[in-house]
2 protein chains.
Amino acid sequence: MKTDERIALAMAELLRKQGYGATGINQLARAAGAPTGSIYHHFKGGKREVAAAALRQTGAAYIQLLPLLLDAHADLAVAIEAAFAAAAEDMENTGWANMCPVGTVTAEVADTEPTLREVAAEVMGTWIDEGSRYLTTRGLSETDSRSVIFAILTAIEGAFVLARGLRSAEPFLAAGRSVAAYVASLERAERAARAAGAPGAARARAKA
Amino acid sequence: MKTDERIALAMAELLRKQGYGATGINQLARAAGAPTGSIYHHFKGGKREVAAAALRQTGAAYIQLLPLLLDAHADLAVAIEAAFAAAAEDMENTGWANMCPVGTVTAEVADTEPTLREVAAEVMGTWIDEGSRYLTTRGLSETDSRSVIFAILTAIEGAFVLARGLRSAEPFLAAGRSVAAYVASLERAERAARAAGAPGAARARAKA
DNA sequence: GTCTATAACAGGATAGAC
DNA sequence: GTCTATCCTGTTATAGAC
């Protein structure tokens with residue numbers, strides 16, 4: 001593996017465990033098995049630029065998990081609940097280390113590091129775009145898909161925070177149940193609209 | 001206002017905007033209108049102890065908002081969706097500054113500051129206890145109440161992160177819709193169980 | 001209790017030999 | 001491209017006058 005890739009990867013690992021402020025250049029150098037100077041050789045912008053690369057890299061990797069996890073079940077609601085349970089298990093197995101550097105860093109430096117905030121926004125944007133595109137392939141309308149991907153992302157990021165603080169899987173399990181129920185209610189509404197009304201139109205909004 | 005209260009309050013304000021690592025003692029002293037030495041006079045434990053006090057203080061204040069906001073509507077699902085919309089508006093008006101130091105600090109230092117993590121867990125614990133107790137007064141069963149308060153808290157904390165990164169109210173609005181739909185589906189299930197089965201028992205679980 | 005000055009140290013970043 | 005030594009600025013924390 002190339003040196004710059006090793007550095008960015010090590011940064012991602014440190015970011016998700018410690019956040020941006022607590023991660024030092026020397027610690028990063030040790031973790032990446034490279035001397036301090038090499039970091040500045042590969043990343044002229046220093047710590048900030050390494051962090052940006054790490055966010056982009058892990059952001060791209062994470063969104064690929066969505067179809068991978070959700071394709072496992074034919075019923076979308078069931079698939080979502082299972083995915084949250086899987087995330088909970090993963091997190092418990094890693095000692096409640098956070099699994100999403102993007103969320104951690106965003107919360108931490110959104111008001112103090114403008115460029116990192118922009119990188120985070122860019123990453124989140126791709127999550128929303130690719131995620132909602134996937135959800136339409138699972139039968140949701142476009143507006144519902146956008147709503148649901150936001151529901152999933154907010155629930156996951158929030159579950160990370162609660163689970164990390166409480167050292168408990170319960171936030172993930174509850175959040176998964178909640179989002180799954182939301183999706184089930186949307187599917188019910190869309191089915192009802194298709195059965196009752198004009199074909200190809202989802203005019204009746206989910207109210208009950 | 002007493003000096004130590006001013007210091008803790010200023011710390012809470014800085015924590016929610018900047019996080020723990022980026023907040024320095026000198027900056028805190030300036031913000032609180034007190035010299036550096038006074039901080040150590042009132043908080044022997046230094047920065048860490050001030051942060052702990054700030055988390056406890058704001059944590060207690062925040063959970064009081066829940067009944068205040070949700071009592072506004074007779075329909076619980078409607079109340080929840082409205083509360084998320086209100087939070088979105090508040091956040092937009094403050095320039096997307098985070099509104100929850102507990103979440104920010106937890107994500108940031110859960111693995112590096114054990115005592116602060118414990119304080120955060122304690123605060124979240126009171127949120128869950130008091131929140132679920134309130135929800136039972138709104139007619140939810142005890143197990144459903146616990147599920148719903150987790151759903152609300154994870155959705156809110158996650159929405160903070162996404163909204164802060166994207167500088168958009170959409171995460172809050174979508175998260176609110178999702179949790180509201182979840183609550184509506186639970187209420188529907190409990191009503192059906194009461195109508196069909198034994199009185200006072202919610203044996204039928206929400207499946208559809 | 002309030003404030004100032006400073007100690008003791010760690011941080012990010014750089015220069016320049018190899 | 002790799003590594004070492006070092007600069008400079010910031011930090012937390014303290015000592016001690018008022």
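Residue numbers begin at 1 in each chain, while the letters A, B, ... track the order of the sequences. Computed from a predicted structure; not experimentally measured. Values reported hereafter were calculated over all heavy atoms of this structure, with side chains retained and with hydrogens, waters and symmetry mates removed.
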Inset, instruction - State whether A/Arg117 and A/Asp111 are salt-bridged, where the test is any N-O pair (Lys NZ or Arg NE/NH1/NH2 against Asp/Glu carboxylate O) under 4.0 Å. - result: no

Inset, instruction - Rounded off to whole Å, could you give me the CG-to-C1' distance for the A/Leu14 and C/dG11 pair? - result: 15 Å

Legend entry - Proximity to DNA chain C (any heavy atom under 4.0 Å), residues of residues 30-52 of chain A only: A/Tyr40, A/Gly46, A/Lys47

Legend entry - For atom CD of B/Gln18 and atom P of D/dT11, their distance in whole Å: 11 Å

Inset, instruction - Using a strict 4.0 Å threshold on nitrogen-to-oxygen distance, state whether B/Arg56 and B/Glu122 make a salt bridge. - result: yes

Legend entry - Rounded distance (Å) that lies between atom P of D/dA13 and atom CG of B/Asn26: 11 Å

Inset, instruction - Using atom CD1 of A/Ile25 as one end and atom P of D/dT4 as the other, report the distance to the nearest whole Å. - result: 17 Å

Legend entry - Separation of D/dT11 P from B/Gln27 CD (nearest whole Å): 8 Å

Legend entry - Row check, A/Tyr20 ring normal vs A/Lys47 NZ/CZ: under 6.0 Å, within 45°: yes

Inset, instruction - Indicate yes or no: does A/Arg48 engage A/Glu113 in a salt bridge with an N to O separation below 4.0 Å. - result: yes

Inset, instruction - Could you tell me whether B/Glu170 and A/Arg146 make a salt bridge, using a distance below 4.0 angstrom between a side-chain N and a carboxylate O? - result: yes

Legend entry - For atom CG of A/Leu28 and atom P of C/dA10, their distance in whole Å: 19 Å

Inset, instruction - Mark yes or no for whether B/Thr106, through its side chain, and B/Val102, through its backbone, hold a donor-acceptor pair below 3.5 Å. - result: yes

